[in-house]
Number of protein chains: 2
Amino acid sequence: MRNKDCRGHLWWHGRFRGCGYRITLAREAILEVLSRANQHLSAEDIYIKVHPMYPNIGLTTVYRTLDVLVDLGLVFKFDFGDKRARYELAEGPKGAHHHHHLICTNCKRVIDYTDFIDEEVELLNQTEKGLSKKYNFMITNHLIQFYGLCDKCNNKK
Amino acid sequence: MRNKDCRGHLWWHGRFRGCGYRITLAREAILEVLSRANQHLSAEDIYIKVHPMYPNIGLTTVYRTLDVLVDLGLVFKFDFGDKRARYELAEGPKGAHHHHHLICTNCKRVIDYTDFIDEEVELLNQTEKGLSKKYNFMITNHLIQFYGLCDKCNNKK
DNA sequence: ATTATAATGAAAATGGTTGTCATTAACAAT
DNA sequence: ATTGTTAATGACAACCATTTTCATTATAAT
Ligand SMILES: [Mn+2]
Ligand SMILES: [Mn+2]
Ligand SMILES: [Zn+2]
Ligand SMILES: [Zn+2]
């Protein structure tokens with residue numbers, strides 16, 4: 001209920017308009033679902049969750065909106081190895097919640113972790129700086145994932 | 001010409017037989033292509049490159065062989081965002097050549113880098129140890145990628 | 001209210017990857 | 001070297017997440 005001021009004043013509206021994008025019901029609904037979610041949703045997951053509040057939405061629109069959100073940097077798109085893209089809000093209104101992922105290659109379970117993030121971010125910054133210089137590359141983002149077997153899958157063997 | 005002893009003595013044969021896999025012409029050809037490649041090949045790239053030395057190979061076999069190789073840990077499978085999987089030999093006979101990737105989100109160019117690898121690996125080991133303990137997760141692998149704009153794409157704007 | 005055009009949704013198309021199945025090849029046993 | 005067992009192969013079809021098309025609708029500037 002915070003940051004919602006009867007249409008037209010959500011935190012991301014500014015960013016949208018600034019880039020020439022229009023604010024639509026479909027986009028509001030999709031962002032609403034994303035901000036409520038605590039898992040990593042697929043396009044179809046979102047499509048289904050949006051239905052109750054906007055029954056006429058098309059899956060195509062979900063895909064297109066997600067593209068826009070990824071472009072704007074509001075949403076991250078991931079490949080966790082289960083054959084479909086997974087999406088996650090980059091940051092809520094209250095600020096970023098930077099984390100990386102631990103992925104079970106057997107059951108595809110994904111764990112968000114923030115432990116050790118400080119040291120990681122520190123090293124990443126240094127590395128990014130060095131790489132930018134050496135390869136004349138403008139780094140905008142990074143991806144860190146650990147793969148292995150979760151407790152359940154490990155015990156099962 | 002090293003490590004090749006007239007069929008039956010390539011460095012990876014042991015690993016293959018140990019797991020009950022048979023050694024076939026198709027597999028030899030695919031591994032040959034992979035070990036000669038200095039880029040990141042797609043399944044179709046491999047299919048095309050294998051043709052001259054083995055014209056009857058099917059694309060299906062390429063996919064299946066790659067699955068086996070990934071399973072055995074001889075090959076890494078990557079998603080660089082160009083809609084097709086990319087494959088790379090994990091290590092040659094002379095030993096590993098551990099590196100990470102720098103990916104241009106515009107032109108999809110991929111740069112292998114080994115700079116800072118030592119520090120990264122150091123931190124990764126620590127992190128892996130901590131995460132393994134906390135989440136009871138058996139970590140077997142990691143993925144680190146930096147995204148951004150390469151020099152050409154950056155200047156173009 | 002008018003207008004320009006971005007956004008939408010239904011449907012079809014795309015294309016990388018996987019499944020099917022009859023045939024062939026690898027290799028252990030003889 | 002020959003045979004038998006069965007993994008591997010390749011042609012082809014199927015799968016399915018994602019994209020394209022296009023006529024219609026909604027947004028927002030004027
Ligand atoms: Mn996450
Ligand atoms: Mn590489
Ligand atoms: Zn698991
Ligand atoms: Zn580029």
Side-chain angles (χ1 to χ4, degrees), chain A residues 6-10 12-31 33 40-48 50-51 53-72 75 77-87 108, chain B residues 6-10 12-31 33 40-48 50-51 53-72 75 77-87 108:
Chain A
C6 211
R7 198 88 200 289
H9 300 85
L10 288 173
W12 49 270
H13 284 193
R15 187 91 90 104
F16 251 68
R17 289 203 230 270
C19 294
Y21 290 117
R22 294 179 180 176
I23 287 143
T24 67
L25 279 172
R27 289 169 174 178
E28 302 230 38
I30 289 167
L31 263 160
V33 164
H40 307 90
L41 304 176
S42 68
E44 197 180 358
D45 289 339
I46 294 167
Y47 173 67
I48 289 166
V50 164
H51 252 142
M53 67 180 105
Y54 187 162
N56 280 346
I57 199 168
L59 182 54
T60 312
T61 298
V62 175
Y63 276 107
R64 279 187 295 226
T65 300
L66 287 169
D67 281 347
V68 169
L69 294 172
V70 169
D71 255 8
L72 289 176
V75 163
K77 180 178 182 177
F78 290 102
D79 168 24
F80 293 142
D82 68 339
K83 318 270 182 198
R84 67 199 60 199
R86 296 277 168 181
Y87 300 86
K108 313 297 180 197
Chain B
C6 211
R7 197 92 198 287
H9 300 84
L10 288 173
W12 49 271
H13 284 191
R15 186 91 87 106
F16 251 69
R17 288 203 231 271
C19 294
Y21 290 117
R22 293 180 180 175
I23 287 144
T24 66
L25 279 173
R27 289 169 174 177
E28 301 231 37
I30 289 167
L31 263 160
V33 164
H40 307 90
L41 303 176
S42 68
E44 197 180 356
D45 289 339
I46 294 168
Y47 172 67
I48 289 167
V50 164
H51 253 142
M53 67 179 105
Y54 188 163
N56 280 346
I57 199 167
L59 183 53
T60 313
T61 298
V62 175
Y63 275 106
R64 279 187 296 226
T65 300
L66 287 168
D67 281 348
V68 170
L69 295 172
V70 169
D71 254 8
L72 288 176
V75 164
K77 180 178 183 178
F78 290 103
D79 168 25
F80 292 142
D82 67 341
K83 318 272 181 198
R84 68 199 59 200
R86 297 277 168 180
Y87 300 86
K108 313 297 179 197

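Quick note on labels: first sequence line is chain A, next is B, and so on, each numbered from 1.
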Problem - Length of the line joining Leu59(A):CG and dC16(D):P, which is rounded to integer Å - result: 15 Å
Handout entry: Exercise: identify the closest heavy-atom pair between Ala85(A) and Lys77(A)
Key = CB-CE, 3.7 Å
Practice task
Please determine if a side-chain N or O atom of Lys83(B) lies less than 4.0 Å away from the OP1 or OP2 oxygen of dT17(C).
Solution key: no
Handout entry: Pair of N/O donor and acceptor under 3.5 Å linking dA11(C) base with Thr60(A) side chain
Key = yes
Practice task
Report the distance from atom CD1 of Ile30(A) to atom P of dT8(C), rounded to the nearest whole Å.
Solution key: 7 Å
Exercise for the section: Write down the atom of Ser42(B), the atom of Arg86(B), and the distance for their closest heavy-atom approach. Expected result: N-NH1, 3.7 Å
Handout entry: Euclidean distance, atom CG of residue Asp79(B) to atom P of dA17(D) [Å, nearest integer]
Key = 16 Å
Exercise for the section: Considering just the side-chain nitrogens and oxygens of Thr61(A), establish if one lies under 4.0 Å of OP1 or OP2 belonging to dG9(C). Expected result: yes
Exercise for the section: For Tyr54(A), report the nucleic acid contact type (base, sugar-phosphate, nothing); a contact means any heavy atom under 4.0 Å. Expected result: sugar-phosphate
Problem - Gap between atoms CD1 and C1', on Ile23(B) and dC27(C) respectively (whole Å) - result: 10 Å
Problem - Axis-to-axis angle between the two ends of the helix from dA1(C)-dT30(D) to dT30(C)-dA1(D) (five base pairs per end, rounded to 10 degrees) - result: 50°
Exercise for the section: Let me know, please, whether Gly20(B) or Ala43(A) comes out on the 5' side of the other along DNA chain D by nearest nucleotide. Expected result: Gly20(B)
Handout entry: Minimum side-chain heavy-atom gap Leu69(B)-Phe16(B) below 4.5 Å
Key = yes
Completion exercise
Rounded to whole Å, the CD1-P distance (Ile57(B) to dC12(D)) equals 17 Å
Problem - Rounded distance in Å - CD1 (Ile46(A)) to P (dT18(D)) - result: 11 Å
Handout entry: dG19(C) base / Arg64(B) side chain donor-acceptor hit below 3.5 Å
Key = no
Problem - Donor-acceptor pair (no angle test) under 3.5 Å: Arg22(A) side chain, dT5(C) base - result: yes
Handout entry: Nearest atoms (heavy-atom pairs only) where Ala43(A) meets Leu59(A)
Key = O-CD1, 4.0 Å
Problem - Distance below 4.0 Å between Arg27(A) side-chain N/O and dA7(C) OP1 or OP2 - result: yes
Practice task
Return the value, rounded to whole Å, for the distance between atom CG of Asp67(A) and atom P of dT18(D).
Solution key: 10 Å
Practice task
Measure the acute angle between the ring planes of Phe78(B) and Phe80(B), then classify it against the limits of 30° and 60° as parallel, tilted or perpendicular.
Solution key: parallel
Handout entry: Closest listed nucleotide, where the reference is the side chain of Arg17(B) and the choices are dT8(C), dC27(C), dT9(D)
Key = dC27(C)
Exercise for the section: Taking all non-hydrogen atoms of both residues into account, name the closest pair between Tyr21(A) and Arg27(A) and its distance. Expected result: CB-NH1, 3.9 Å
Exercise for the section: Examine distances only and state if a side-chain atom of Arg15(A) and a backbone atom of Leu72(A) form a donor-acceptor pair shorter than 3.5 Å. Expected result: yes
Problem - Shortest non-hydrogen separation from Ile57(A) to His51(A) and the atoms involved - result: O-NE2, 4.2 Å
Exercise for the section: Give a yes/no answer on whether the side chain of Tyr63(B) brings an N or O atom under 4.0 Å of OP1 or OP2 in dT18(C). Expected result: no
Completion exercise
Separation of dT8(C) atom P from Tyr21(A) atom OH, nearest Å, is 12 Å
